[in-house]
Amino acid sequence: DQTPAEAEQEAVPGPAEGGMKRADSVLDLPDDPNRFPYATWSPWIAFGGAIAALVLGLMFALPILWAAGGDDYDNLSWGVKAGVQLCTALGFLAVPFLFAKQMPGGVNWRQAAGRLGFHRFKVSDAAKWIGIGFVAYIAFAVVYSLIFGTPEQDDIAGELGPIWSQILLIVILAPLSEEVCFRGMLFGGFRTRLPLWAAALGAGLVFGALHYSTGISAVPQLMVLGAI
């Protein structure tokens, strides 16, 4: 019988064009920065996980909405809206980490984080790709606006109370939780079976579609942002 650590060392041959296919039973240790993709779940599991994360966040928020009297969302206080936003972020964090720890099991939370892409990196490489992604997104946004007009998107910042609450929820928690869910779990799962372009496109489509409530005209830009 092998221990999980011994099973980690078994390489599975047969890299696919544009990606690497590996057996479902192989575990990924987070201290191996050269093994990619890090995820150990299939694309369909990743897609289901993204939906489950959204549903779990809504379930977390139900007691808050019930305590507020179930009024129309636009009429709720900033505290209730901030609570709902917090619950959404918690759902986007909880499901990916649970999936990463249990598919398959036998790993600790640090190793689960490794499956979601938390690895050491070179700052120079990160800065380069962030810059490329930023320029690519701005270029697309400019061209899109020239062709279709400026997209309309709800500005929820003012609904979330004082500035500290806005920073916590929009600047810190929202990007962190969405990166873990859509980049770590969703894109990571897609990448185990799909080439880079297809995995990025699929993750971007799901990311944009799940943000349709902020403004349908902004969905194409959000899809591109999710893909980049």
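The figures here come from the full heavy-atom set of this structure, side chains too, leaving out hydrogens, waters and symmetry mates. Residues take their numbers from the sequence shown, with the count starting at 1.
- Using a 4.5 Å cut-off on side-chain heavy atoms (C-beta onward), Leu196 and Phe187 make contact.
- Counting heavy atoms from C-beta on, the side chains of Ile45 and Phe99 come closer than 4.5 Å.
- Heavy-atom minimum distance, Ala68 versus Leu76: CB-CD2, 4.0 Å.
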### Task
Using the side chain to side chain contact (heavy atoms under 4.5 Å, CB included) rule, take Leu146 and Val142 through it: C-alpha gap first, then chi angles, then the decisive distance, then the call.
CA-CA 6 Å; Leu146 290 175; Val142 170; 4.1 Å; yes
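- Within the 4.5 Å cutoff, side-chain heavy atoms of Phe47 are placed close to those of Ile51.
- At a threshold of 4.5 Å between side-chain heavy atoms, the hydrophobic network of Ile, Leu, Val, Met, Phe, Trp and Tyr places Trp129 and Ile138 in two separate groups.
- Between Gly202 and Phe190, the shortest heavy-atom contact is C-CE1, 3.4 Å.
- Rounded to the nearest 0.5 angstrom, Leu160 CG and Lys81 NZ are separated by 8.0 Å.
- Under a hydrophobic-cluster definition in which Ile, Leu, Val, Met, Phe, Trp and Tyr are linked whenever side-chain heavy atoms come within less than 4.5 Å, directly or via other members, Phe148 and Val224 are assigned to the same cluster.
- Side-chain contact check for His119 versus Tyr38: some heavy-atom pair is nearer than 4.5 Å.
- Placement of Val143 and Phe134 within a single hydrophobic cluster is found when ILVMFWY residues are connected by side-chain heavy-atom separations under 4.5 Å, directly or transitively.
- Checked by atom type and distance alone, the side chain of Ser165 never pairs as donor or acceptor with a backbone atom of Gly161 at under 3.5 Å.
- Phe182 meets the ring pair (Phe, Tyr, Trp, His ring centres under 6.0 Å) test with Phe92, Phe207; sequence neighbours excluded.
- Of all non-hydrogen atoms in Ala94 and Leu56, the two that sit nearest each other are CB-CD2, 4.0 Å.
- When the shell of 6.0 Å around CH2 of Trp109 is examined, it contains more than 12 heavy atoms from other residues, nucleotides or ligands.
- Counting only heavy atoms from C-beta outward, the side chains of Gln166 and Val171 never approach each other to under 4.5 Å.
- Of the possible polar contacts, none joining the Lys101 side chain to the Asn108 backbone as a donor-acceptor pair under 3.5 Å is found.
- The two residues Leu186 and Ala46 have their closest heavy-atom pair at CD1-O, 3.5 Å.
- Taking CD1 of Ile172 as the reference point, atom OG of Ser177 lies at 11.5 Å (rounded to 0.5 Å).
- Nearest heavy atom pair, residue Leu116 against residue Ala100, reads CG-CB, 3.9 Å.
- Shown here for Gly91 and Pro96, the closest heavy-atom pair between the two residues is O-CD, 4.0 Å.
- You'll find the side chain of Val180 stays beyond 4.5 Å of the side chain of Met185, heavy atoms only.
- In the hydrophobic cluster analysis, where Ile, Leu, Val, Met, Phe, Trp and Tyr join through side-chain heavy atoms closer than 4.5 angstrom, Tyr137 is grouped together with Ile147.
- Considering only residues two or more places apart in sequence or on other chains, Phe140 meets the ring pair (Phe, Tyr, Trp, His ring centres under 6.0 Å) condition with Tyr144.
- Taking the side chain as every heavy atom from C-beta outward, Trp41 and Thr192 never approach each other to under 4.5 Å.
- Between atom OG of residue Ser77 and atom CD of residue Glu159 there is a gap of 11.5 Å, rounded to the nearest 0.5 Å.
- Criterion: ILVMFWY side-chain heavy atoms under 4.5 Å apart, direct or through other members. Under it, Ile163 and Trp78 are not part of a common hydrophobic cluster.
- Distance check: Leu168 CG to Leu173 CG gives 4.5 Å after rounding to the nearest 0.5 Å.
- Surrounding CH2 of Trp44 are at most 12 heavy atoms belonging to other residues, nucleotides or ligands under 6.0 Å away.
- Taking CZ from Arg115 and OG1 from Thr40, the interatomic distance works out to 3.5 Å, rounded to the nearest 0.5 Å.
- Taking the side chain as every heavy atom from C-beta outward, Leu93 and Cys181 never approach each other to under 4.5 Å.
- The distance from the CG atom of Leu201 to the CG atom of Leu194 is 10.0 Å, given to the nearest 0.5 Å.
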